Amino acid sequence: MNFIITETQKAILELYKEEIAESVINIQETRKEFEGQVTIVVFPITKISKKSPEQTATEIGEYLVAHLEDITKFNVVKGFLNLSIAESYFLKQFNEEVLATDFGVFPSNGKKVMVEYSSPNTNKPLHLGHVRNNLLGYSVSELLKAYGYDVVKVNLVNDRGIHICKSMLAWQKWGNNETPESTGEKGDHLVGKYYVIFDREYKKEIEALKAAGQTEDEAKKNAPLIKEAQQMLLKWEQGDEEVVSLWKKMNEWVYAGFNITYKNLGVDFDKFYYESNTYLLGKGTVDEGLAKGVFFKKEDGSVWIDLTEDGLDQKLVLRADGTSVYITQDLGTAEMKHDDFNMDESIYVVGNEQDYHFKVLFLILEKLGKSWAKGLYHLSYGMVDLPNGKMKSREGTVVDADELIESMISTAREKTEELGKTNDFPQEDKEELYKNIGLGALKYFLLKVEPKKRLLFNPAESIDFQGNTGPFIQYTHARIKSLLSKSDYKFGVGSLAFGGISDVELEMILQLARYPAEIEIAAKAFSPASLANYLYELAKLFNKFYHEVPPIVKTEDGEVKQFRLNLCKKTADIIYAGMLILGITSPERM
RNA sequence: GCCUCGGUAGCUCAGUUGGAUAGAGCAACGGUUUUCUAAACCGUGGGUCAGGGGUUCGAAUCCCUUCCGGGGUACCA
């Protein structure tokens, strides 16, 4: 549409004798209720024309029709100049751009980006909140790949700390040597069970101490269990053999469990980092900061940075006893990751409760003069809430990832069998299909919402399979595939000459042509949600088209048939590719 | 208290740099299948875009302010 902007600039120069910036020309798609396809908003131009909006629009309209062959006519509604563009223009665009094999494929941009996501704690199984993180991280990675980046997916596993010791201690005390093998339980669930047991017993002790006259805070500190857990952590840090081997054993159980969940979710990683290897990092960075005068030391020996000039607070970066805090580790880890991969950009997919932490982290790295600090980005997303509030692993009020996946698949099975769609499928294919549909519904449900918004999940209401859902889009794809196979489709660029394409067909061309721009928008915003909504609009439009047009398979006119089949084929291709970016597979049949 | 992110239909959500009468889905009601998959399509009803003020030819969108909700707030990660 650039030619319209250029020509409008010329029109203004000729009519009103003034040069005008491209940005002043506000161009948009014409609303359906008006005639035309492209609209120029002329209000901003009236300042130059010194005439009424209607008169300005009319003058420009007349100029454009006279000078551009592809603009056939125009109409003016208030300050809106609606242009009708020749059908041949769109047909040409469709045949030459949209049907090209490299349509929507971005060449490499030569940049490397790291996406860090998942980052689980190894003391409990994954829940719905983690699922959102994983799907978002995976999808953003795919999106950036599609946009031309070289992507490295990493997982920084939080495999050490007091929380792990809690599970370990409870298992030692009450576990009776249970193992995943002996119980048949998934390893992460087994370990999580002891985390819950710890919390339950710990609370009992707190209550007892409170009954004995201690305050809540005292009781929390003095409970024997928490002291024992802290002892255990100390031993772990000292390399105590018994503790370390228990830690290794239980972590292995958890990893085996996570691997299954990751596989079911369809997410993967190029590299794992373990906090047990990185938690001592960052002290060198602290020294560097002190030397550069970015940090300062207090009398007690603790190290701080003053960010009050940046509207933030003073922040501790190293304790008085020389041990690190969270941000110390993250400073060190950031440097290490950069040394390892030398990436241009780095995305941290982490929940919004850490907004402040990352703001501080990035600011510190910038103040330390790290050239790569400006390429860091915190992809912050909202919590997943249940109707009665937040999920809490300790209290067992969570939607478990494995159970959720399982229930999505069985719902897909029920619905599909109810519809009788898979009666002639081999058993293996059926299971594959149910998995694709169930996960398609789940993934789309979570990804269609803008990341930063928090999201409500009501376990009592099952995730839909109709309307604005994954299965709806998958269904559209399957429908097209069926149609193409029945029509014996062969690719061929259609004629430019034939007339009479309908409104829906025109809309489809426009919607299809938008795909590369949508990838770009989504990639720049790190937002699979906008892509998801685009794909939904495309699928919806296709279904409308499918109903309005007489059966394509039986179309007599070869050119019309070819054109319509091309529309179908391209729609299926884009749905397939776009859904893959969301991590969703679109079946051939469903 | 301060910082930060949200508040759009009964519910779940779209709404790019300010543009025309704010859109979908679900739920409710009604209709569509001798034709390529009805997980579809078409229609009806449903709104003080949290409230107020301002800027503008024009505000869900920008500014100010109040209310409600989430999160953070210096030695947890």
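Please read these numbers as outputs of a predicted model, since none were measured by experiment. Note on naming: letters A, B, ... go to the chains in the order of the sequence lines (proteins, then strands), and numbering restarts at 1 for each one.
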Checklist entry - Do A:Arg479 and A:Asn543 meet the criterion of a side-chain donor-acceptor pair at a distance under 3.5 Å? => result yes
Item to check | Footprint string (nucleotides 32-38 of chain B, 5' to 3'): B base within contact, S backbone only, - free, heavy atoms under 4.0 Å | outcome: ---BBBS
Next on the checklist: Taking the six-membered ring for Trp, are A:Phe362 and A:His378 closer than 6.0 Å centroid to centroid?
Outcome noted: no
Next on the checklist: So, OP1 or OP2 of B:A14: does either fall under 4.0 Å of a side-chain N or O from A:Lys448?
Outcome noted: no
Item to check | Ion pair check, A:Arg413 and A:Glu431, cut-off under 4.0 Å | outcome: yes
Next on the checklist: Is the phosphate of B:A20 approached by A:Arg31 (side-chain N or O, under 4.0 Å from OP1 or OP2)?
Outcome noted: yes
Checklist entry - In whole Å, what separates the P atom of B:G47 from that of B:G31? => result 25 Å
Checklist entry - Is a side-chain donor-acceptor pair under 3.5 Å present for A:Thr469 with A:Asp464? => result no
Next on the checklist: At 4.0 Å (heavy atoms only), tell me whether A:Asn123 reaches a base, stays on the sugar-phosphate, or touches nothing.
Outcome noted: nothing
Item to check | Distance between C1' atoms of B:U65 and B:C57 (Å, rounded) | outcome: 26 Å
Item to check | Near-ring test A:Tyr274/A:Trp247, centroid separation under 6.0 angstrom | outcome: no
Checklist entry - If you measure from the P atom in B:G25 to the same atom in B:A14, how many Å do you get, rounded? => result 16 Å
Item to check | B:A20 pyrimidine/purine six-ring stacking with A:Phe80, under 5.5 Å and 30° | outcome: yes
Checklist entry - Cation-pi between A:Arg132 and A:Tyr381: NZ/CZ under 6.0 Å from ring centre and within 45° of the ring axis? => result no
Next on the checklist: Let's see if you can work this out: which of B:G70, B:G19, B:G15 has an atom nearest to the side-chain heavy atoms of A:Arg454?
Outcome noted: B:G70
Next on the checklist: Can you measure A:Ile473 atom CD1 to B:A39 atom P for me and round it to whole angstrom units?
Outcome noted: 16 Å
Item to check | B:C41 pairs with, by Watson-Crick or G-U criteria that keep both distances under 3.5 Å | outcome: B:G31
Checklist entry - Any ion pair linking A:Lys569 and A:Asp573 (charged N to carboxylate O, less than 4.0 Å)? => result yes
Item to check | Paired nucleotide for B:C76 [Watson-Crick or G-U wobble; both distances under 3.5 Å] | outcome: none
Next on the checklist: Quick check on B:A14: is either OP1 or OP2 less than 4.0 Å from any side-chain nitrogen or oxygen of A:Lys453?
Outcome noted: yes
Next on the checklist: Would you measure the distance from the C1' atom in B:G71 across to the matching atom in B:G52 and give it in whole Å?
Outcome noted: 27 Å
Item to check | Whole-Å distance separating the NE2 atom of A:His477 from the P atom of B:A39 | outcome: 17 Å
Next on the checklist: With a 3.5 Å limit on both atom pairs, tell me what B:G6 is paired to, counting Watson-Crick and G-U wobble, or say none.
Outcome noted: B:C68
Checklist entry - How would you label the contact of A:Thr416 with the nucleic acid (heavy atoms, under 4.0 Å): base, sugar-phosphate, or nothing? => result base
Checklist entry - If you measure from the P atom in B:G6 to the same atom in B:C26, how many Å do you get, rounded? => result 28 Å
Next on the checklist: How many whole angstroms separate atom OH of A:Tyr534 from atom C1' of B:U16?
Outcome noted: 16 Å
Item to check | Interatomic distance where CZ belongs to A:Phe465 and P belongs to B:G25 [whole Å] | outcome: 19 Å
Checklist entry - What does A:Asn26 touch in the nucleic acid at a heavy-atom separation under 4.0 angstrom: a base, only the sugar-phosphate, or nothing? => result base
Next on the checklist: At under 4.0 Å between heavy atoms, how does the protein contact nucleotides 72-77 of chain B? Give one character per nucleotide, 5' to 3', with B, S or -.
Outcome noted: S-BBSB
Item to check | Rounded distance in Å between the P positions of B:C62 and B:G15 | outcome: 13 Å
Next on the checklist: So A:Pro44, base contact, sugar-phosphate only, or nothing? Heavy-atom distance under 4.0 Å.
Outcome noted: base
Next on the checklist: Quick check: A:Phe545 with A:Phe542 (ring centres under 6.0 Å apart)?
Outcome noted: yes
Next on the checklist: One thing to verify: whether A:Arg589 and A:Asp429 come together as a salt bridge, which I'm taking to mean a side-chain N less than 4.0 angstrom from a carboxylate O.
Outcome noted: no
Item to check | All salt bridge (Lys or Arg N to Asp or Glu O under 4.0 Å) counterparts of A:Lys570, not counting sequence neighbours | outcome: none
Item to check | C1' atoms of B:G45 and B:A28, separation to the nearest Å | outcome: 9 Å
Checklist entry - Rounded to whole angstrom units, what separation is found between the CD atom of A:Glu450 and the P atom of B:U12? => result 17 Å
Item to check | Distance, P atom - from B:G46 to B:G72, rounded to whole angstrom | outcome: 42 Å
Item to check | Pairing partner of B:C57 (Watson-Crick or G-U wobble, both distances under 3.5 Å) | outcome: B:G19
Next on the checklist: Stacking between A:Phe43 and B:G58, defined as ring centres under 5.5 angstrom apart with planes under 30°, is that present or not?
Outcome noted: no
Item to check | Interatomic distance, A:Lys452 NZ vs B:G7 C1' [rounded to whole Å] | outcome: 13 Å
Next on the checklist: Quick test of your reading of the model: are A:Asp488 and A:Lys490 salt-bridged, counting only N-O distances below 4.0 Å?
Outcome noted: yes
Checklist outcome for this item: From the candidates B:C41, B:A39, B:G19, the one with an atom nearest any side-chain atom of A:Val41 is B:G19
Checklist entry - Side chains of A:Tyr434 and A:Glu417: do they bring a donor and an acceptor to under 3.5 Å? => result yes
Next on the checklist: Counting the atoms with a prime plus P, OP1 and OP2 as sugar-phosphate, which does A:Thr39 contact under 4.0 Å by heavy atoms, base, sugar-phosphate, or nothing?
Outcome noted: base
